[in-house]
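Working notes, structure below.
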Amino acid sequence: MVKNYINGELREAVSGEYFDNFDPSTSEAYGIVPDSDERDIELAVEAAESAFPMWSATPAAERSKLLMKIASLIERDLAEFARAECVDNGKPLHLARTIDIPRAIRNFEFFASAIHGFSSESHTMEDGTVNYTLRSPIGVIGAISPWNLPLYLFTWKIAPALITGNCVVAKPSEITPMTAYLLSEACIEAGLPKGVLNIVHGYGHKVGRAISLHPKIKAITFTGGTKTGAEIASIAAPMFKKLSLELGGKNPNIIFADCDYGRMLETTVQSSFRNQGEICLCGSRIFIQKPIYDKFKKDLVERTKKLVIGDPLETGTDQGAIVSSQHMEKVLSYIELARTEGGKILCGGSRFIPEGRCKDGWFIEPTVIEGLPYNCRTNQEEIFGPVVTLIPFETEEDALMMANSSEYGLASIIWTENLTRAHRVAAKIETGIVWINCWMVRDLRTPFGGMKSSGIGREGGTEALRFFTEPKNVCVKL
Ligand code: NDP
């Protein structure tokens, strides 16, 4: 049973109601989640507001120690966290164990140490007048995160908000609440003062909306779909809340004929299908230069067919379950759309029914599609599943035009051994993150986020520390 974490205690929702939590690999309800609403948010905000004077006055070194302690407790219980993430989300256990949970630990460790190097500006004028910038915590922060990388993205928001002296009211996705619940237990054990972090579970239209609407929540950090981001912005912007929105993507993977082919193929299988394609950074539109199109198509399809789909708890599984039946239906409907738009399914294309324990689970075969124009709906709308399309191109200009045709601008991948071209394309491509000859290589100090409909603001490193603080210029006439 999942409980809310408010004012340092684990509690039921005020409504006393719960809803089911499903294991996507079996489709069975295996737990219950509090059906919270604006009354729980009110309690959480009150707790956060009361804790703020103490927490914001706590020396950064002390806050840092507490974050390190939380990190060490997650590390101690890594196996339990990884299993919970796997069962809740459907992702392969080895992925949760080697990527999701270690990254959540790293998020706490990283910001606990980054704060020591955080400095502010000073500007001296010609007559000797000095301006310096104070950066103070904002107050109560709202954090709303999605289901695809549950603890990884949740802690990516919470850690920088806390280390800068803010108190937080956070909502994980209602579809994947388990590791956020385990985190609340870790915070209690670590001795995080009550009210500093509050985790409220429940539906987006109730709990998420109440966070957007609450006048005492001064800033919102949100990761999720573009439509939800727009809804939050429409409520929060007129209230002049500070907003960081990390939204959807339709990322291009541009493969030039002169690339390091073996490395590219290996990585492209990952950038297409890792975590069932449910990573906002997956390269779902693959543009291939014509001379290697046929070879690439054959090799990618061959490699994709070898991916092992099934029980996420099994060691050898490459592809786990899709997070919910609703999302599975959405992804399948896009495969159907691709068919009606004239696409040719080269492999996959259907729901997958494993044998045994997972026979009723929500699985989709990794799917490769070709023959669609770059501007059709399949190639423009976010699918967020194990589906990629292949699009041939002749020149660099063609590739750039098609890559940039999207309303989204989150991430891109470029494969070429021509250094000049790599930099030229990187400069012209309209995405917030560009990977050249690699994918998902993350240095936590770098700005992370998207352009266009993929969001506003950047997270990571100094960008996050700046977002969670209010700058104040002090001008001293000497
Ligand atoms: P959603 O936008 O549906 O949900 C994200 C979070 O917002 C959830 O906690 C959700 O709650 C909540 N929410 C839903 N409606 C509202 C509302 N009206 N007001 C406030 N909060 C609300 O996204 P998904 O969870 O489906 O995640 C997938 C999306 O996230 C994809 O578009 C993906 O690209 C994007 N994403 C972006 C990333 C980035 O860094 N740019 C990284 C990872 C994912 P509930 O679960 O209860 O609906």
Just by distance, do the side chain of [X] and the backbone of [Y] share a donor-acceptor pair under 3.5 Å?
X	Y	value
Arg424	Glu396	no
Glu341	Arg377	yes
Thr469	Pro137	no
Ser212	Ala236	no
Ser405	Met402	yes
Trp415	Tyr261	no
Gln319	Phe273	yes
Thr155	Ile158	no
Thr367	Gly349	yes
Asn198	Val169	no

Within a reach of under 6.0 Å around [atom1] of [X], are more than 12 heavy atoms found that belong to other residues, nucleotides or ligands?
X	atom1	result
Lys330	NZ	yes
Arg83	CZ	no
Arg458	CZ	yes
Glu266	CD	no
Glu397	CD	yes

Practice item. Check whether NZ of the Lys or CZ of the Arg Arg103 lies under 6.0 Å from the centre of the six-membered ring of Tyr152 and within 45 degrees of that ring's axis. Key: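 Yes - Arg103 lies over the ring of Tyr152, closer than 6.0 Å to its centre and within 45° of its axis.
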Practice item. Please step through side chain to side chain contact (heavy atoms under 4.5 Å, CB included) for the pair Ile144 and Thr223, ending with a clear verdict. Key: CA-CA 6 Å; Ile144 305 175; Thr223 299; over 6 Å; no
Looking at [X] and [Y], does any basic side-chain N land under 4.0 Å from a carboxylate oxygen?
X	Y	answer
Glu85	Lys91	no
Asp258	Arg421	yes
Asp299	Lys295	yes
Glu336	Arg339	yes
Glu365	Arg351	no
Glu407	Lys452	no
Arg466	Glu121	yes

Heavy-atom pair with the smallest gap, counting every atom of [X] and [Y]:
X	Y	value
Asn251	Cys280	ND2-O, 2.7 Å
Lys171	Gly208	CD-N, 3.5 Å
Phe468	Asn166	O-ND2, 2.9 Å
Gly385	Val331	CA-CG2, 4.1 Å
Ile115	Ser64	CG2-CB, 4.5 Å
Ala143	Val168	CB-CG1, 4.3 Å

Point to revise | Polar side chain donor-acceptor pair, Ser120 to Thr133, under 3.5 angstrom | key: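 No, Thr133 and Ser120 have no side-chain donor paired with an acceptor closer than 3.5 Å.
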**Study point:** Polar side chain donor-acceptor pair, Tyr334 to Glu381, under 3.5 angstrom
**Key:**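 Glu381 and Tyr334 do have a side-chain donor-acceptor pair below 3.5 Å.
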Check your understanding: Parallel, tilted or perpendicular: which fits the ring planes of Tyr203 and His205, with parallel below 30° and perpendicular above 60°?
Key ->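 Geometry flag for His205 against Tyr203: parallel rings.
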Is [Y] close to [X] at the side-chain level, that is, under 4.5 Å between some pair of heavy atoms?
X	Y	value
Ile199	Tyr181	no
Glu75	Glu109	yes
Ile286	Ile413	no
Phe222	Ser244	no
Ile309	Pro354	no
Val441	Trp435	yes

To the nearest 0.5 angstrom, please state how far the [atom1] atom of [X] sits from the [atom2] atom of [Y].
X	Y	atom1	atom2	result
Ile220	Lys157	CD1	NZ	11.0 Å
Leu243	Ile456	CG	CD1	5.5 Å
Ser113	Leu444	OG	CG	10.0 Å
Ser325	Asp360	OG	CG	12.0 Å

**Study point:** ring pair (Phe, Tyr, Trp, His ring centres under 6.0 Å) assessment of Trp156 paired with Phe108
**Key:** CA-CA 8 Å; Trp156 180 235; Phe108 279 113; over 10 Å; no
**Study point:** Candidate pair Ile255 and Ile292, rule side chain to side chain contact (heavy atoms under 4.5 Å, CB included), full reasoning
**Key:** CA-CA 9 Å; Ile255 302 170; Ile292 60 165; 3.8 Å; yes
Exercise for review: Carefully, step by step, assess Asp23 and Asp88 under the rule side chain to side chain contact (heavy atoms under 4.5 Å, CB included).
Suggested key: CA-CA 5 Å; Asp23 172 350; Asp88 227 15; over 6 Å; no
Exercise for review: May I ask you to check whether Phe384 and Trp147 place their ring centers less than 6.0 Å from one another?
Suggested key: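 That pair passes the under 6.0 Å test.
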Review point. Is the distance between the ring centroids of Phe393 and Phe256 under 6.0 Å?
Key: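 Here the rings of Phe256 and Phe393 have centres that are less than 6.0 Å from each other.
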Review point. What's the verdict on side chain to side chain donor-acceptor pair (under 3.5 Å) for Lys250 and Ser406, showing C-alpha distance, side-chain angles and the deciding distance?
Key: CA-CA 7 Å; Lys250 187 75 179 174; Ser406 167; over 6 Å; no
Practice item. Would you sort out whether Leu313 and Arg357 count as a side chain to side chain contact (heavy atoms under 4.5 Å, CB included), showing the intermediate values? Key: CA-CA 11 Å; Leu313 290 169; Arg357 190 183 83 86; 3.6 Å; yes
Practice item. Might you work through the side chain to side chain donor-acceptor pair (under 3.5 Å) test for Thr389 and Glu370, ending with a clear yes or no? Key: CA-CA 6 Å; Thr389 56; Glu370 71 164 352; over 6 Å; no
